[in-house]
Number of protein chains: 2
Amino acid sequence: MHGLVRAIPKIEPKAQPCWCDDPFVARLKAHVDLGSADLHSLRAVIENDHAVKKRRDLVIDGYQYRKLSFIKEGFAARYKLLRNGKRQVVNVLVPGDVVGVPSSFLDRATFSVTAITDMKLQVCSLDDFVALCHRRPKFSLALCWIAVQEAASYAERVVDMGRRTSIERVARFLLDVHSRLAMVGRATESGFDLPFSQELMSDALGLSVPHLNRMLTKLRADGLITIDGHRVEFIDQNALAMLSHFQPFKLTQVPPATGLEPSVLLRHQT
Amino acid sequence: MHGLVRAIPKIEPKAQPCWCDDPFVARLKAHVDLGSADLHSLRAVIENDHAVKKRRDLVIDGYQYRKLSFIKEGFAARYKLLRNGKRQVVNVLVPGDVVGVPSSFLDRATFSVTAITDMKLQVCSLDDFVALCHRRPKFSLALCWIAVQEAASYAERVVDMGRRTSIERVARFLLDVHSRLAMVGRATESGFDLPFSQELMSDALGLSVPHLNRMLTKLRADGLITIDGHRVEFIDQNALAMLSHFQPFKLTQVPPATGLEPSVLLRHQT
DNA sequence: CTCGATTATTGATGCAGATTAATAAGCCGG
DNA sequence: CCGGCTTATTAATCTGCATCAATAATCGAG
């Protein structure tokens with residue numbers, strides 16, 4: 001067996017005119033209904049695309065930011081470097097994810113974000129996006145939903161780190177990455193290209209590299225996965241999910257806008 | 001030395017007519033400017049207050065919820081029970097916090113929330129709150145800010161669990177709780193009533209009860225804190241913050257609403 | 001005030017996973 | 001296609017913290 005190396009997955013460019021291959025718009029549409037007028041307004045606040053090279057930092061801990069970037073292509077990791085030299089990756093970012101949550105909402109960034117592969121981003125200023133939200137509240141509601149989902153997924157990570165064994169964490173990480181990649185068309189039914197090095201994954205899982213390696217070896221020895229280069233295939237995805245108590249995330253829609261003043265006016269404080 | 005027990009802090013009821021002693025409104029006002037018309041609309045969606053007894057579950061993992069509850073009084077913990085019987089507390093809730101993030105935004109709750117003391121809540125339905133957001137977008141923006149802040153604080157917890165030592169975690173926990181209580185007037189400059197049992201804290205920090213106890217003992221032995229009953233006093237808050245690399249959170253304001261269509265209309269995709 | 005239940009404290013033992021080190025394998029720039 | 005650098009793999013040792021166990025303190029209900 002050999003390495004798990006970062007790799008830029010080869011995507012068939014769908015060559016569709018504007019939005020359909022845009023993972024961020026897809027993400028928004030998962031939460032709210034967007035008409036063409038909405039899309040037009042959204043386009044108006046998005047500045048030109050921005051390319052970022054592998055290993056560049058998009059966000060540096062401690063600095064101020066006022067931009068939102070939507071990942072069109074490529075992978076990144078949000079992390080914190082500690083004084084003792086250790087690093088904790090708090091999550092990995094895939095196409096459709098938003099850079100700038102939470103950095104741009106805070107006085108100063110509390111985490112760094114680094115590009116793991118070459119990336120393509122769509123950038124807009126937070127102020128412009130907020131202005132858009134004032135005009136079209138569905139965007140702020142969609143952003144709420146995205147932020148809440150982000151919070152929920154961090155909370156799950158807390159459980160991972162606090163109370164789950166190393167093998168569970170590794171299995172859950174693979175399943176989680178697979179399901180997120182599948183959601184944006186970057187994975188097959190049972191496999192995907194893992195764009196992360198073992199060092200990155202060990203920093204994400206709070207393990208040492210040797211131990212992570214051992215757990216990956218064990219998963220293969222147990223006939224649950226195969227690894228060929230950077231390609232991961234699930235042999236028994238069910239057993240893997242069972243072993244690690246993994247359940248994929250369920251999203252919900254923002255409740256649609258109702259009439260102007262809702263019935264609650266009938267109720268009030270006692 | 002003796003126990004750290006849950007306790008209902010005695011608050012001087014300020015006896016102010018409506019909102020000024022309301023920690024949730026205070027929380028909203030930290031992010032957005034609210035006029036009296038806004039407050040009136042907010043009041044309209046809030047149903048009657050709701051009292052909850054100590055040890056009752058407010059949210060149960062796996063069930064569906066569509067309510068937001070704002071904590072007026074009392075403490076709670078958000079947690080997950082694992083198959084092996086272990087529990088991970090992902091955060092503790094204090095007055096001003098929102099129950100229902102993320103539970104009510106998901107298909108089914110992924111965490112439980114339990115009352116640690118008797119509580120008083122203000123409840124409203126998510127649908128009504130969303131309707132309010134459509135009418136007054138500043139509420140959805142404030143909710144975004146709150147959700148993002150929640151995400152940022154979970155992310156910090158991930159770092160805690162993944163890469164920080166047990167003594168750092170304990171010190172940081174105490175400092176964090178103190179700063180959150182101080183923000184809603186439940187703490188003095190250098191001390192506070194700790195309403196949590198050691199079992200709860202160990203589940204929050206991913207430690208065993210004996211080990212947490214040992215670390216608390218060590219903090220006292222090192223002359224950093226005193227504990228008398230449920231009362232914690234910082235002797236050297238600076239040293240404590242240094243030791244644990246603690247930095248309090250900085251909030252930001254939502255950028256104020258600008259004119260109707262912003263200047264960005266001048267820019268568009270290349 | 002008393003009893004039972006919860007919570008805190010302390011000690012002894014074991015193991016999961018860190019640490020360190022050393023080698024091999026693959027990748028990239030020239 | 002070569003040499004340096006990054007990444008993966010494997011092994012040996014060490015340790016922080018879990019686990020188990022037992023007692024003491026405290027709380028709260030009656």
Side-chain angles (χ1 to χ4, degrees), chain A residues 1-8 53-55 77 82 84-88 114 116-118 160-170 193-221 225-232, chain B residues 1-8 53-55 77 82 84-88 114 116-118 160-170 193-221 225-232:
Chain A
M1 79 177 138
H2 45 322
L4 302 171
V5 282
R6 71 219 118 45
I8 304 172
K53 285 283 184 196
K54 184 184 359 181
R55 256 175 240 273
L82 304 185
N84 56 14
K86 288 173 195 273
R87 179 176 73 159
Q88 176 67 45
T114 193
I116 288 169
T117 63
D118 290 349
D160 277 356
M161 317 290 298
R163 294 298 190 204
R164 289 202 244 252
T165 65
S166 55
I167 193 112
E168 286 171 338
R169 288 187 230 178
V170 174
D193 284 323
L194 189 58
F196 313 122
S197 71
Q198 290 190 4
E199 180 175 16
L200 185 109
M201 290 188 286
S202 66
D203 280 341
L205 298 170
L207 300 173
S208 62
V209 173
H211 198 65
L212 167 67
N213 188 291
R214 231 166 267 134
M215 294 303 104
L216 285 171
T217 305
K218 179 158 169 51
L219 287 179
R220 270 176 304 154
I225 64 172
T226 61
I227 299 179
D228 176 22
H230 50 260
R231 182 80 196 170
V232 174
Chain B
M1 81 181 136
H2 45 322
L4 301 171
V5 281
R6 74 220 115 45
I8 304 171
K53 285 282 184 196
K54 184 184 359 177
R55 258 174 238 271
L82 303 185
N84 56 15
K86 288 172 195 272
R87 179 176 74 156
Q88 176 67 44
T114 193
I116 288 170
T117 63
D118 290 350
D160 276 357
M161 316 289 298
R163 294 296 191 205
R164 289 203 244 251
T165 66
S166 55
I167 193 110
E168 285 170 339
R169 287 187 231 177
V170 174
D193 284 323
L194 190 57
F196 313 122
S197 71
Q198 290 190 3
E199 179 176 16
L200 186 109
M201 290 189 286
S202 66
D203 281 342
L205 297 171
L207 300 172
S208 63
V209 173
H211 198 66
L212 167 66
N213 187 290
R214 240 162 249 141
M215 294 304 103
L216 286 172
T217 304
K218 180 160 168 48
L219 287 178
R220 269 176 304 154
I225 63 173
T226 62
I227 299 179
D228 176 22
H230 49 261
R231 181 79 195 171
V232 175

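Every heavy atom of this structure was used, including side-chain atoms; hydrogens, water molecules and symmetry mates were not. Remember, predicted model here, so these are calculated numbers, not experimental data. Within every chain, numbering begins at 1; the chains are lettered A, B, ... in the order of the sequence lines, protein sequences first and strands thereafter.
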**Request:** For A:Ser208, report the nucleic acid contact type (base, sugar-phosphate, nothing); a contact means any heavy atom under 4.0 Å.
**Result:** base
**Message:** Using heavy-atom distances to pick each residue's nearest nucleotide on DNA chain D, tell me which of B:Pro210 and B:Met215 is more 5'.
**Reply:** B:Met215
**Item:** B:Gln198 side chain near B:Leu216 side chain, heavy-atom distance below 4.5 Å
**Value:** yes
**Residue of the set A:Leu194, A:Leu219, A:Thr226 for which side-chain contact (heavy atoms from CB on, under 4.5 Å) holds with A:Val232** = A:Leu194
**Asked** Atom CD of A:Glu199 and atom C1' of C:dA18: how far apart are they, to the nearest Å?
**Response** 15 Å
**Interatomic distance where CE belongs to B:Met201 and P belongs to C:dT7 [whole Å]** = 12 Å
**Message:** Using a 3.5 Å distance criterion without hydrogens, assess whether the side chain of B:Arg163 forms a donor-acceptor pair with backbone atoms of A:Lys86.
**Reply:** no
**Request:** Figure out the CZ/P separation between B:Arg55 and C:dA5, and round it to whole Å.
**Result:** 13 Å
**Spacing of A:Lys86 atom NZ relative to C:dT20 atom C1', expressed in whole Å** = 13 Å
**Message:** Does C:dT6 have OP1 or OP2 under 4.0 Å away from a side-chain N or O of B:Lys54?
**Reply:** no
**Prompt:** Between B:Leu82 (CG) and D:dA18 (P), how many Å, whole number?
**Reply:** 15 Å
**Request:** Enter the distance from A:Arg55:CZ to A:Ile116:CD1 here, rounded to the nearest 0.5 Å.
**Result:** 10.5 Å
**Request:** Please tell me which of the listed nucleotides, D:dT7, C:dG17, D:dT9, lies nearest to the side chain of A:Ser166?
**Result:** C:dG17
**Request:** Would you indicate which nucleotide in C:dT7, C:dA18, D:dC17 comes nearest to any side-chain atom of A:Leu207?
**Result:** C:dA18
**Asked** Could a donor-acceptor pair under 3.5 angstrom be found where the side chain of B:Arg214 meets the base of D:dG16?
**Response** no
**Prompt:** For the pair made of CG in A:Asn213 and P in C:dT23, what is the distance, rounded to whole Å?
**Reply:** 17 Å
**Asked** In Å, rounded to the nearest 0.5 Å, how long is the span from NZ of A:Lys54 to OG1 of A:Thr117?
**Response** 8.0 Å
**Message:** Rounded to whole Å, how long is the line connecting atom CG of A:Asp228 with atom P of C:dG26?
**Reply:** 11 Å
**Message:** Rounded to whole Å, please give me the gap between CG in A:Leu194 and P in D:dA8.
**Reply:** 9 Å
